[in-house]
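Because the structure is a prediction, the values reported are computed rather than measured. Counting starts at 1 for both ligands and their atoms, following the listed order. Note that the numbering runs from 1 along the sequence shown for the chain.
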Amino acid sequence: MSSEREIQQTLCRMCDDRCGIDVHLEDGRMVDITGNRAHVWNKGRLCVKARAAVDMVYHPDRLLTPLKRTADGWQEIPLAQALDEIAERLVEIRERDGARSVSVWKGEAIGFGQQEDIARRFIHAFGSPNYLSNDSMCYAARYFGYKLVDGGWPIADLENARVIVMWGANPPHAHPNMTQYITAARRKGAKLVVVDPRLSAIARRADVHAQPHPGTDGALAWGLMRELIRTGAYDKEFVERHTVGFPELSAYAATFTPEMVEQETGVPVATVIEVAALMGDAAPRVAMYVGNGLEHHENGVNNIRAVVSLDALLGAVDREGGNRFVEPAPLRTLTLYDDVPLTHLGPLGADRFPVLYDLRQECHTMTAMGAILEGDPYPLRAMVLTGANPLLTNPNTERVRRAFEALDLLVVRELFMTETAALAHYVLPAASFLERSELHTHAKHQAITLTCRVCGFPEVQDEYQFWHDLAHRLDMGAYFPWDDETALNRWLLEPSGLTLEELEAHPEGVTYSPLTTAPLERGPFATASGKVEFASRYLKDLGYDELPTYKSPEYRGTPDDEYPFVLVTGARKLLYMHSRFRNIARFRTAEPGPEVEMHPDDARALGVGEGDLVTVTSRVGSVTIPVHVMSPAEIRPGELQITHGWSEANVNLLTHDDRFDPISGFPLMKSVEVRVEKV
Ligand SMILES: Nc1nc2c(c(=O)[nH]1)N[C@H]1C(S)=C(S)[C@@H](COP(=O)(O)OP(=O)(O)OC[C@H]3O[C@@H](n4cnc5c(=O)[nH]c(N)nc54)[C@H](O)[C@@H]3O)O[C@H]1N2
Ligand SMILES: Nc1nc2c(c(=O)[nH]1)N[C@H]1C(S)=C(S)[C@@H](COP(=O)(O)OP(=O)(O)OC[C@H]3O[C@@H](n4cnc5c(=O)[nH]c(N)nc54)[C@H](O)[C@@H]3O)O[C@H]1N2
Ligand code: SF4
Ligand SMILES: [Mo]
């Protein structure tokens with residue numbers, strides 16, 4: 001008998017790049033995944049993770065039944081019973097400790113569009129402001145850097161640039177298909193500058209690799225601004241017409257001489273001058289992309305603001321080949337911030353990090369740990385968590401563990417029994433991205449794609465169905481009136497004038513508004529003054545410096561002999577997404593385990609070679625981990641790197657949950673003082 005073969009077109013979400021894929025099915029079962037050549041973003045190309053989605057979905061360890069913790073261990077229970085019991089517990093906790101003692105937490109695996117907003121909607125309808133997510137340490141600090149300076153969240157127009165600057169980002173591992181756009185520009189003669197303390201995969205291909213010490217990028221950006229101003233190579237017309245604070249900026253920049261920059265960052269004087277000249281010549285076609293590498297520092301937002309100010313000096317704001325503003329997709333919003341304001345209930349972290357709540361309505365996960373353990377600023381008792389594994393991804397794991405163990409109710413929606421799920425009272429099996437249908441926007445192309453359900457399992461709910469069913473048990477059904485995700489998708493899409501059927505017919509993405517580059521004709525910038533703000537009144541009123549002033553990271557400003565190394569964490573590796581995919585057998589063959597990247601001189605001084613075990617200790621904790629001896633150009637002496645997400649050697653046992661960037665509240669995860677001892 002011949003088998004039934006078919007192809008369904010949807011998006012890969014093994015990472016957030018969401019490449020178009022063709023899913024090959026045989027008798028309804030996925031057998032392969034190939035690239036959708038027509039998709040606006042990836043044009044057919046995929047990275048190795050896409051095909052592993054088949055292994056993930058049918059993995060023998062996949063959770064397919066709801067589990068309840070009992071004195072005798074896990075007990076399988078029917079879904080309806082699990083939801084009834086969870087709803088009952090939530091009501092009890094709300095009656096006893098108030099609605100704000102309940103929280104939700106959405107993780108990176110859920111994504112950022114409607115799935116995030118459904119969780120926000122749920123907790124607000126419940127009466128609590130406490131929406132937590134991975135955004136306490138992911139991209140919000142970059143968003144603030146842009147929002148506070150140019151009012152936008154622009155896209156680097158890589159393919160039309162004459163100079164590309166990758167600033168603390170490593171696309172070959174983190175955004176594989178972004179490299180297509182960089183390659184296209186280089187074919188047309190564009191120069192590539194990479195700013196990274198390590199010789200990363202993208203730095204290997206660079207025309208210029210500037211190698212600053214971790215957390216010192218602000219000094220480099222200021223030094224470049226000084227050079228551009230000194231040589232008159234900045235865009236005077238842009239500065240005059242569209243910015244505020246130039247005199248203050250200019251005066252402050254003057255102190256960042258190339259010699260001072262070399263001293264602070266380790267980037268040679270000649271490189272500072274060379275990069276400034278490259279930028280000045282190419283302006284405004286200079287496309288800078290800021291990555292996660294700049295965020296996890298005590299001075300993250302101001303370092304990013306300095307980079308964005310550099311953009312503005314080059315006149316590269318909303319320009320072809322520079323940074324382009326994009327139109328947001330014309331979709332309905334699911335959040336209830338305007339309808340149900342809950343600010344008076346004290347969203348966790350909003351007092352310490354007002355910008356985080358004001359500009360993103362995010363609560364602060366590290367503050368939440370204090371609320372659970374110490375009742376500070378008030379007790380947090382319950383959490384419904386989906387698509388995250390904070391036991392491996394949040395700083396100071398030991399404290400995260402104690403906090404999660406202390407909750408009265410922890411519900412985890414998962415595909416697998418993770419370190420975090422193991423602490424839950426209820427573990428609910430969750431639908432993977434191939435078992436859901438949702439709308440995705442691709443900002444760069446101003447396009448929307450609808451994903452489709454390729455497969456499914458009986459007791460495994462999609463995100464919407466879960467929040468819907470729980471809401472209806474809590475008398476909040478009015479906020480979740482759509483019967484299923486298709487009805488929800490239809491409602492969300494209405495203002496766009498597009499229909500679900502049109503999107504279904506175009507899995508390559510449908511443009512919602514044509515790309516325009518009408519520089520500076522879009523009216524005022526979306527800042528308080530309507531101009532690009534080198535100096536921010538908004539921040540000043542909140543008690544911060546008006547300018548993105550530079551502060552030396554503590555490990556440089558006040559070195560501590562007990563912890564002579566500085567540790568960068570979390571440099572992405574192509575095969576693994578944070579704590580995910582360690583259970584994909586062939587990935588383990590290619591990249592078997594954690595390691596600490598080290599300069600050969602340091603290895604020699606410690607008397608260790610490749611694969612030898614060392615103990616790395618910070619003021620927070622320690623891990624034992626094999627050494628990977630790098631070649632001398634790959635990493636500087638005295639600097640180390642460990643990628644997160646490994647339970648075998650969890651680097652977040654070392655990271656601080658009490659030292660933050662003062663504006664974003666991001667933890668410092670990429671400049672941790674440590675010592676190393678041979679085991
Ligand atoms: N395969 C894979 N892809 C991913 C992810 C994953 O886990 N795995 N995670 C996704 C997520 S959520 C995110 S946020 C992105 C992040 O992706 P990117 O923004 O590209 O960030 P990283 O790869 O973390 O780090 C980029 C580089 O920053 C460097 N760096 C560290 N400290 C500094 C510093 O102080 N200054 C400078 N200039 N550079 C520094 C590191 O050496 C590293 O090479 O990746 C996404 N893509
Ligand atoms: N030291 C250090 N720590 C870091 C970073 C760093 O650079 N250094 N980077 C930080 C950053 S930028 C981020 S974004 C965070 C990410 O941290 P998290 O949000 O915790 O992300 P993951 O570790 O990928 O965990 C996702 C979990 O969701 C599950 N899952 C997969 N698909 C689905 C699904 O469809 N539905 C549901 N419900 N669950 C699913 C997976 O099995 C996995 O256990 O990590 C942060 N942690
Ligand atoms: S880059 Fe790889 S994992 Fe990410 S969406 Fe594309 S194919 Fe999937
Ligand atoms: Mo992230």
Side-chain angles (χ1 to χ4, degrees), residues 13-17 47-49 56 63 105-111 115 133-139 142 166-176 178 194-203 210-217 220 265 289-297 300 303 307 385-395 412-421 428-436 461-463 466 553 567-581 583 597 635 639 641-645 650-652 654-655 666-667 669-672:
R13 209 200 172 285
M14 295 294 273
C15 85
D16 194 52
D17 285 7
C47 83
V48 289
K49 291 190 288 307
M56 180 184 82
L63 296 167
W105 180 317
K106 90 82 209 174
E108 207 292 330
I110 295 302
Q115 307 300 339
S133 86
N134 55 305
D135 292 350
S136 284
M137 58 196 91
C138 178
Y139 102 96
R142 281 175 269 174
M166 282 289 140
W167 211 303
N170 187 22
H173 287 263
H175 302 287
M178 195 192 280
V194 173
V195 187
D196 196 308
R198 301 179 316 129
L199 183 69
S200 64
I202 193 75
Q211 211 171 355
H213 299 300
T216 64
D217 299 78
L220 177 59
T265 67
Y289 179 89
V290 176
N292 199 236
L294 264 59
E295 292 186 301
H296 294 156
H297 297 285
N303 286 352
V307 172
L385 177 143
T386 180
N389 189 8
L391 262 283
L392 287 184
T393 55
N394 269 57
V412 173
R413 278 174 50 77
E414 251 300 345
L415 271 53
F416 300 104
M417 186 52 79
T418 59
E419 295 71 9
T420 304
L428 301 180
S432 75
F433 68 93
L434 288 164
E435 299 148 51
R436 316 194 289 250
Q461 290 188 298
D462 62 66
E463 288 302 302
F466 164 72
L567 170 69
V568 168
T569 75
R572 275 44 174 170
K573 302 288 168 168
L574 180 62
L575 297 180
Y576 299 116
M577 186 71 185
H578 305 292
S579 67
R580 271 171 269 169
F581 313 144
N583 58 5
E597 297 169 13
I635 196 162
E639 298 179 8
Q641 198 289 128
I642 302 177
T643 297
H644 63 302
N650 168 14
V651 74
N652 280 320
L654 308 180
T655 50
F666 275 37
M669 284 174 145
K670 299 203 192 312
S671 40
V672 185

task = Answer yes when Glu639 and Arg198 have at least one side-chain N-carboxylate O distance shorter than 4.0 Å, and no when they do not.
result = no
query = Counting each atom of ligand 1 from 1 as listed, which ones have a heavy atom of Leu294 under 4.0 Å away?
reply = 36 (N), 37 (C), 38 (N)
message = I need the atoms of ligand 1 closer than 4.0 Å to a non-hydrogen atom of His297, numbered in the order shown.
response = 32 (N), 33 (C), 34 (C), 35 (O)
inquiry  = Taking 4.0 angstrom as the limit and counting only heavy atoms of Val195, give me the atoms of ligand 1 inside it, by number and element.
reply    = 37 (C), 38 (N), 39 (N)
message = Quick check: closest heavy atoms across Glu295 and Met137, and the distance to 0.1 Å?
response = OE1-O, 4.3 Å
key: Minimum heavy-atom distance Ala169-Ile202, with the two atoms named   = O-CG2, 3.5 Å
ask   = Could you go step by step and tell me if Arg580 and Lys49 meet the side chain to side chain contact (heavy atoms under 4.5 Å, CB included) rule?
value = CA-CA 11 Å; Arg580 271 171 269 169; Lys49 291 190 288 307; over 6 Å; no
request  = Assess whether side chain to side chain contact (heavy atoms under 4.5 Å, CB included) is satisfied between Met669 and His644, documenting all intermediate values.
outcome  = CA-CA 10 Å; Met669 284 174 145; His644 63 302; over 6 Å; no
ask   = Do any nitrogen or oxygen atoms of Arg198 come within less than 3.5 Å of a nitrogen or oxygen of ligand 1?
value = yes
Per-atom contacts of ligand 1 with Leu574, taking only distances under 4.0 Å to non-hydrogen atoms = 1 (N)
For Asp217, atoms of ligand 1 separated by under 4.0 Å from a heavy atom = 34 (C), 35 (O), 36 (N), 37 (C), 38 (N)
task = Show the protein residues that qualify under the rule heavy atom under 4.0 Å from an atom of ligand 2, listing them in chain and number order.
result = Gly107, Glu108, Ala109, Ile110, Asn134, Met137, Cys138, Asn292, His296, Thr386, Gly387, Ala388, Asn389, Thr393, Arg413, Glu414, Leu415, Phe416, Thr418, Ala430, Ala431, Ser432, Phe433, Arg436, Glu463, Thr569, Gly570, Arg572, Met577, His578, Ser579, Arg580, His644, Val651, Asn652, Met669, Lys670
ask   = Rounded to the nearest 0.5 Å, what separation is found between the CG atom of Leu415 and the CG atom of Leu63?
value = 7.5 Å
Ligand 1 contact on Lys49 by region, counting heavy-atom pairs under 4.0 Å = side chain
note = Sequence neighbours excluded, the answer for side-chain hydrogen bond (donor to acceptor under 3.5 Å, both in side chains) partners of Tyr139 is Arg360
key: Straight-line distance of Lys106 NZ to Thr386 OG1, nearest 0.5 Å   = 10.0 Å
key: Where ligand 1 meets His173 - atom numbers and elements under 4.0 angstrom, heavy-atom basis   = 1 (N), 2 (C), 3 (N)
key: Which of the ligand 1 atoms, numbered from 1, are nearer than 4.0 Å to a heavy atom of Ser200   = 44 (O)
Pair Glu597 + Lys573: basic N to acidic O under 4.0 Å = yes
request  = Below 4.0 angstrom from a heavy atom of Gly215, which ligand 1 atoms are there? Numbered from 1 as shown, please.
outcome  = 34 (C), 35 (O)
request  = Classify the contact between Arg142 and ligand 1 as side chain, backbone, both or neither, using a heavy-atom distance cut-off of under 4.0 Å.
outcome  = side chain
